[in-house]
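In what follows, a single structure is set out as structure tokens and then discussed.
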Amino acid sequence: MKNFFKLLNFELNRFSKLYFVLLSSIGIIQIIITVLKARAYLTRANNAVLKGGMTQHEFIEMYSKFSMIDVIHSILFAGTLAIGIAAILFYIFFIWYRDWFAKNTFVYRLLTLPTSRMNLFFTKVITIMMSVLGLVTFQLMMLNIEKTIVKWIIPKVYREDLRIVDMVSASEYLPIILPQGIAEFFIAYGLGLGFVVIVFTAILFERSFRLKGIIFGLLYAFISITIFILPITIQLLMYENLYLYPMELLFVQAVTWAVIVAASLLVSRYLLKNKVTV
């Protein structure tokens, strides 16, 4: 267990600098977008009321009050989240291939450590999942900061204050990373965990068999996804003859997911132990 936590700490430290730059960039860009959006609205309101002869009520009726929804719906704001998600997706591959292509093939040193090779696998999975949850936590914090910035810039008469849950509900993309219920949270991130495990297994196929391994890895990922969506497909095709209630279908999907993840772990263990040689 001590070796496991040492490996985990090692993986987290390796990612920490890049991760800090990623979150800092996202935060700075979002704050800039928030300030620019809020100041543009306030300038329009001042011009309309002070120079255009409109009353505050008339302006609000025409343009509505400013809220964080105006910020969140910005393409640039959505782009910051897309960058964060893309960076983590890239790191899912980079976290393995960096070890193989580093100086002196660093992965061989890791594989010869006096600990189970699966500890290396699990530490990489946990690192990815912690980075995802860290991004989610950071975004929640940023929404609160940006909400405060809007309060500083926009007077109360022109402003509509929203709760975080209202901001997420009004967005088309925030619910993807910020599920609003406990059940939705575990389902979303449980699926994410399964995705990471399957991708890692596909990578180990490629590392074990090289060119043939690419085909094996892609085939394995395809079969895993097909098995997972099979209950839903059967439900749709045989709707009249085979009907499952939502909770029953959810249970079947959960069991299917658990089997796929367990199978991926067993395959990964076999590949690390028998095919990935030092």
Side-chain angles (χ1 to χ4, degrees), residues 19 22-49 52 54-89 128-195 232 246-247 249-250 253:
Y19 193 58
L22 173 66
L23 295 186
S24 299
S25 301
I26 290 174
I28 291 171
I29 294 172
Q30 288 190 1
I31 288 175
I32 292 173
I33 293 170
T34 303
V35 171
L36 292 177
K37 283 281 186 179
R39 289 183 65 86
Y41 177 92
L42 185 60
T43 299
R44 181 193 298 170
N46 289 336
N47 288 337
V49 174
M54 294 179 65
T55 64
Q56 292 179 341
H57 180 71
E58 289 172 339
F59 177 83
I60 292 171
E61 279 192 340
M62 180 173 294
Y63 295 103
S64 73
K65 291 185 177 183
F66 187 89
S67 72
M68 276 297 298
I69 300 301
D70 297 281
V71 178
I72 293 172
H73 282 172
S74 167
I75 295 177
L76 292 177
F77 190 95
T80 60
L81 284 180
I83 290 172
I85 294 172
I88 292 175
L89 288 174
I128 295 298
M129 294 308 297
M130 287 183 68
S131 67
V132 173
L133 294 175
L135 177 63
V136 172
T137 303
F138 178 76
Q139 185 57 71
L140 285 172
M141 181 186 73
M142 288 306 304
L143 287 175
N144 278 295
I145 292 174
E146 291 150 11
K147 180 180 177 181
T148 302
I149 291 173
V150 169
K151 287 183 178 181
W152 289 344
I153 298 175
I154 305 292
K156 177 62 177 177
V157 66
Y158 294 124
R159 190 182 72 237
E160 181 181 3
D161 296 324
L162 299 175
R163 300 174 301 166
I164 298 297
V165 65
D166 297 324
M167 299 180 200
V168 175
S169 299
S171 173
E172 296 179 354
Y173 54 86
L174 280 179
I176 298 174
I177 65 168
L178 297 170
Q180 297 182 57
I182 297 297
E184 288 84 355
F185 177 87
F186 282 107
I187 290 172
Y189 286 97
L191 291 175
L193 174 64
F195 171 78
I232 298 176
M247 289 304 298
L249 183 60
L250 179 62
Q253 289 294 102

Ser74 (side chain) donor-acceptor with Asp70 (main chain) under 3.5 angstrom: no

Nearest atoms (heavy-atom pairs only) where Met167 meets Leu174: O-CD1, 4.3 Å

Check: Tyr19 side chain, Leu135 main-chain N or O, donor-acceptor pair, under 3.5 Å: yes

Ile164 side, atom CD1; Gln139 side, atom CD - distance, nearest 0.5 Å: 9.0 Å

CE/Met54: more than 12 non-hydrogen atoms of other groups inside 6.0 Å: yes

Distance-minimising heavy-atom pair for Ile88 and Ser131: CD1-O, 3.8 Å

Check against side-chain contact (heavy atoms from CB on, under 4.5 Å), Ile187 and Leu250: CA-CA 10 Å; Ile187 290 172; Leu250 179 62; 3.9 Å; yes

Donor-acceptor contact present, side-chain Asn47 to main-chain Arg44, <3.5 Å: no

Minimum heavy-atom distance between His73 and Ala170, given as atom pair plus value: NE2-O, 3.1 Å

Donor-acceptor contact present, side-chain Thr80 to main-chain Phe77, <3.5 Å: yes

Interatomic distance, Glu146 atom CD to Ile72 atom CD1 [nearest 0.5 angstrom]: 8.0 Å

Passing candidate, side-chain contact (heavy atoms from CB on, under 4.5 Å) with Phe66, options Ile153, Leu42, Val71: Val71

Closest contact, heavy atoms only, Ile26 versus Phe138: CG2-CE2, 4.2 Å

Tyr189 to Ile177 - nearest heavy-atom pair and separation: OH-O, 2.5 Å

Short side-chain to backbone donor-acceptor contact, Lys147 and Leu162, under 3.5 Å: yes

Pairwise ring pair (Phe, Tyr, Trp, His ring centres under 6.0 Å) hits with a residue in residues 144-182, at least two apart: Phe59-Tyr158

Partner set under salt bridge (Lys or Arg N to Asp or Glu O under 4.0 Å) for Arg39, not counting sequence neighbours: none

side-chain contact (heavy atoms from CB on, under 4.5 Å) evaluation trace for Val35 with Ile149: CA-CA 7 Å; Val35 171; Ile149 291 173; 3.9 Å; yes

With sequence neighbours excluded, residues passing salt bridge (Lys or Arg N to Asp or Glu O under 4.0 Å) with Asp161: Lys156, Arg159

